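Keep in mind it's a predicted model, so treat the numbers as computed, not measured. The figures that follow rest on heavy atoms only: side chains count, while hydrogens, waters and symmetry mates do not. FYI, the numbering just counts along the sequence from 1.
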Amino acid sequence: MYASPSAIRYLHRSCQVLRYPISRPLFCPLAFAEAVGIAAMSTGASTGESTPHHKVVIVGSGPAGHTAAIYTARANLKPVMYEGFLAGGIAAGGQLTTTTEVENYPGFPKGISGPDLMQKFRDQSENCGAVIHTETITRLDLSERPFKLWTEGNEGDDSKHVKADSLILATGATARRLFIKGEDQYWNAGMSACAVCDGPAPIFRNQNLAVVGGGDSAAEEATFLTKYGAKVYLIHRRDKLRASKVMSDRVMNHPKIEILWNKRPVEAKGDGKLLKGLVIEDTQTGDQSEIQVNGFFYGIGHDPNTGIITSAKLPSDVKTSDLYGEDKYMIVQPGSTYTKIPGLFAAGDVYDKRYRQAITAAGSGCAAALDCEKWLEENES
C-alpha cells in the first residue's frame, strides 16, 4: 500500500486546520485513521534488486535542507532528499510547519504562512531536479565511503540501505515545550516557541505577555518582547535565574519585566480562539493563580535532532566528541559546514545554536551545498 507525498501533505494540513498539532500526531483523528495506510508506504529506495547509490543525499527538509537541494540540483549532482515522515514528531518541512504567519522572511512583503512557505521550498527543490522521499533516515554507517543509510522500518536489514558519496545533515532542532493543559488548543493562537519570529505579530502588540524559563534564552526572549508588549512576565520555577549575570541584571532591572519566582505554568486559557491567560502554580506551596496574558513563549531551549548521528557507526579515527558537543549540536569547522568526517556536512539549526532563524538556516544550506560540490570535485575518483 502506498500513500503519496501529496496525500501526506494533505493529511498534515488537514490536521492543522482542525487545530490538531502535527507535533503530537496521536491527537489527530485523521492521522489515526490513516495510520495503517501510511505505515505501509513504499520506500522508493531499496528494492532488493540493487542498492541505490547517490552522489548527494540530504537528510532533513527545512530551509537548510531545501536550499541545499536547490543548489546541488542546479550543480547537476542529482540530490536525493529524505524529508522525514513526522521525524521527531514534526511534519516534513520542520518547525516552520507549526507556525502561522512568517513576516521576517525576505520576498513576502505581506507575510506567508509557515506551511505555505515550506511548500514553496519543496516545489522549488523538485523543479530544480531534486528527488524527495517522505521517509525518515534512522540508521547511518559513516565508517567508510560510500556512506550507508537506512530508512525507518528497514534498520534491521543490512541489505536494505542506500549509498551516498556525500551527506548533508539538515535535521534541524526542536523547541522544548511543556505541553501544558490547553496547549494543543492555543498553540499558534497566542503560544509560541520563538519570540523573535512571532513577537512582532499584531496580536501581541501592547498586550501582557509571558515567557517561561530561567536561562539566557528566556532572558533574551523576555527582553526582546518588551519592544512590543505592555508588560512581560518571566516565569521561573526556581528563586534564582540560570542566565548569565549580564542577562539576569538586564531582566531584573527592566521596568516592563516582572519575574514570577518559584512558579510554573500548568494551563493555558482563552476564549476558544486566542490565548487570554495562564494558570501558574507555586513550585513550593502548590498554590495556583491566574495571570492575564495574550501571549506565552517558551524559552527553555532547543534540542538538535542529531539522534541518527549519536547512534551512527563512525570511522575508527573519529570520536563522538569530534562530531558533536555535550549539548548534541553538530560541530563544524569554523567558517564552513565541513565536519570531522570527510563528505559529511551539517546545515541549519542542527549546528546553529545562536541564530536559529529560517533565513540563516537557508544560508547555511547554500554553504553546505557549495562545500559539498567542491569536496566532490576534489575527491572524484
- prompt: Under the side chain to side chain donor-acceptor pair (under 3.5 Å) criterion, do D198 and S192 qualify, and how do the steps go?
  reply: CA-CA 7 Å; D198 301 326; S192 168; 2.5 Å; yes

Between [atom1] on residue [X] and [atom2] on residue [Y], distance to nearest 0.5 Å:
{"X": "M81", "Y": "T134", "atom1": "CE", "atom2": "OG1", "answer": "10.5 Å"}
{"X": "M118", "Y": "S125", "atom1": "CE", "atom2": "OG", "answer": "8.0 Å"}
{"X": "N76", "Y": "C128", "atom1": "CG", "atom2": "SG", "answer": "11.0 Å"}
{"X": "E378", "Y": "E373", "atom1": "CD", "atom2": "CD", "answer": "11.0 Å"}
{"X": "I259", "Y": "H254", "atom1": "CD1", "atom2": "NE2", "answer": "11.5 Å"}
{"X": "Y338", "Y": "W375", "atom1": "OH", "atom2": "CH2", "answer": "9.0 Å"}

Decide yes or no for [X] and [Y]: does some side-chain heavy atom of the first lie under 4.5 Å from some side-chain heavy atom of the second?
{"X": "K231", "Y": "K256", "value": "no"}
{"X": "I291", "Y": "I235", "value": "yes"}
{"X": "Y105", "Y": "I359", "value": "yes"}
{"X": "V57", "Y": "D165", "value": "no"}
{"X": "I70", "Y": "N127", "value": "no"}
{"X": "L149", "Y": "I308", "value": "no"}
{"X": "T51", "Y": "K148", "value": "no"}
{"X": "F224", "Y": "P200", "value": "yes"}

Donor-acceptor contact below 3.5 Å, side chain [X] vs main chain [Y]:
{"X": "S248", "Y": "A243", "answer": "yes"}
{"X": "T306", "Y": "I309", "answer": "no"}
{"X": "K55", "Y": "A164", "answer": "no"}
{"X": "N253", "Y": "D249", "answer": "yes"}
{"X": "T67", "Y": "G365", "answer": "no"}
{"X": "D352", "Y": "G348", "answer": "no"}
{"X": "E221", "Y": "A219", "answer": "no"}
{"X": "N262", "Y": "D239", "answer": "yes"}
{"X": "H54", "Y": "V56", "answer": "no"}
{"X": "Y298", "Y": "V211", "answer": "no"}

task: List the steps, then state whether side chain to side chain donor-acceptor pair (under 3.5 Å) holds for N305 with T174.
output: CA-CA 7 Å; N305 299 320; T174 302; 3.1 Å; yes

State, to 0.1 Å, how close [X] and [Y] come at their nearest heavy-atom pair, and which atoms those are.
{"X": "A358", "Y": "L96", "answer": "CB-CD1, 3.8 Å"}
{"X": "R356", "Y": "S217", "answer": "NH2-OG, 3.9 Å"}
{"X": "P265", "Y": "L178", "answer": "CG-CD1, 3.9 Å"}
{"X": "L225", "Y": "F297", "answer": "CD1-CD1, 3.5 Å"}
{"X": "G199", "Y": "F204", "answer": "O-CB, 3.6 Å"}
{"X": "Q357", "Y": "C197", "answer": "OE1-SG, 3.9 Å"}

Are [Y] and [X] connected into the same hydrophobic cluster when the rule is that any two of I, L, V, M, F, W, Y join if their side-chain heavy atoms are below 4.5 Å apart?
{"X": "V251", "Y": "I280", "answer": "no"}
{"X": "I300", "Y": "I257", "answer": "no"}
{"X": "I168", "Y": "L376", "answer": "yes"}
{"X": "W150", "Y": "V162", "answer": "no"}
{"X": "L167", "Y": "L314", "answer": "yes"}

field: Check against salt bridge (charged side-chain N to carboxylate O under 4.0 Å, His left out), R250 and D216
entry: CA-CA 11 Å; R250 187 173 299 171; D216 280 347; over 6 Å; no

Plane angle bin for H133 and Y82 - parallel if under 30°, tilted between 30 and 60°, otherwise perpendicular: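 Answer is tilted, since the angle falls between 30° and 60°.
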
message: Parallel, tilted or perpendicular, judged at 30° and 60°: which one describes the rings of W261 and H236?
response: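 Because their plane-to-plane angle is over 60°, the rings of W261 and H236 count as perpendicular.
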
task: Could you walk me through whether F147 and I341 pass side-chain contact (heavy atoms from CB on, under 4.5 Å), step by step?
output: CA-CA 11 Å; F147 302 138; I341 299 177; 4.0 Å; yes

field: Test log, rule side-chain contact (heavy atoms from CB on, under 4.5 Å), inputs E103 and F108
entry: CA-CA 7 Å; E103 298 180 324; F108 299 94; over 6 Å; no

Q119, E126, Q124 screened by side chain to side chain donor-acceptor pair (under 3.5 Å) with R122, the one that passes: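 The residue from Q119, E126, Q124 that satisfies side chain to side chain donor-acceptor pair (under 3.5 Å) with R122 turns out to be E126.
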
query: Cut-off 3.5 Å, side chains only: do D371 and S336 have a donor facing an acceptor?
result: no

field: D282 and its salt bridge (charged side-chain N to carboxylate O under 4.0 Å, His left out) partner, picked from R237, R264, K263
entry: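 Of all the options given, the one that passes is K263.
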
message: Test side-chain contact (heavy atoms from CB on, under 4.5 Å) on D303 and R176; report intermediate values, then the result.
response: CA-CA 7 Å; D303 292 313; R176 296 172 188 159; 2.8 Å; yes

query: Is the count of non-hydrogen atoms from other residues, nucleotides or ligands lying under 6.0 Å from K340 atom NZ greater than 12?
result: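 It does not: K340 NZ has 12 such atoms or fewer within range.
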
message: Quick check on R74: does its CZ atom have over 12 non-hydrogen neighbours (other residues, nucleotides or ligands) under 6.0 Å away?
response: no

message: Among V212, L241, L260, exactly one meets side-chain contact (heavy atoms from CB on, under 4.5 Å) together with L234. Which residue is that?
response: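 Between L234 and the candidates, side-chain contact (heavy atoms from CB on, under 4.5 Å) is satisfied uniquely by L241.
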
task: Could you walk me through whether T138 and E152 pass side chain to side chain donor-acceptor pair (under 3.5 Å), step by step?
output: CA-CA 5 Å; T138 54; E152 187 172 20; over 6 Å; no

task: Please step through side chain to side chain donor-acceptor pair (under 3.5 Å) for the pair D141 and H161, ending with a clear verdict.
output: CA-CA 10 Å; D141 182 348; H161 62 267; over 6 Å; no

task: Go through the steps to decide whether S364 and Y351 satisfy the test side-chain contact (heavy atoms from CB on, under 4.5 Å), and finish with yes or no.
output: CA-CA 10 Å; S364 71; Y351 81 85; 3.5 Å; yes

Side chains of residues 316-332: which donor-acceptor pairs under 3.5 Å do they make with residues two or more places apart or in other chains?
unit_1: D322; atom_1: OD2; unit_2: K319; atom_2: N; d: 2.9
unit_1: D327; atom_1: OD1; unit_2: Y329; atom_2: N; d: 3.1
unit_1: D327; atom_1: OD2; unit_2: K353; atom_2: NZ; d: 2.6

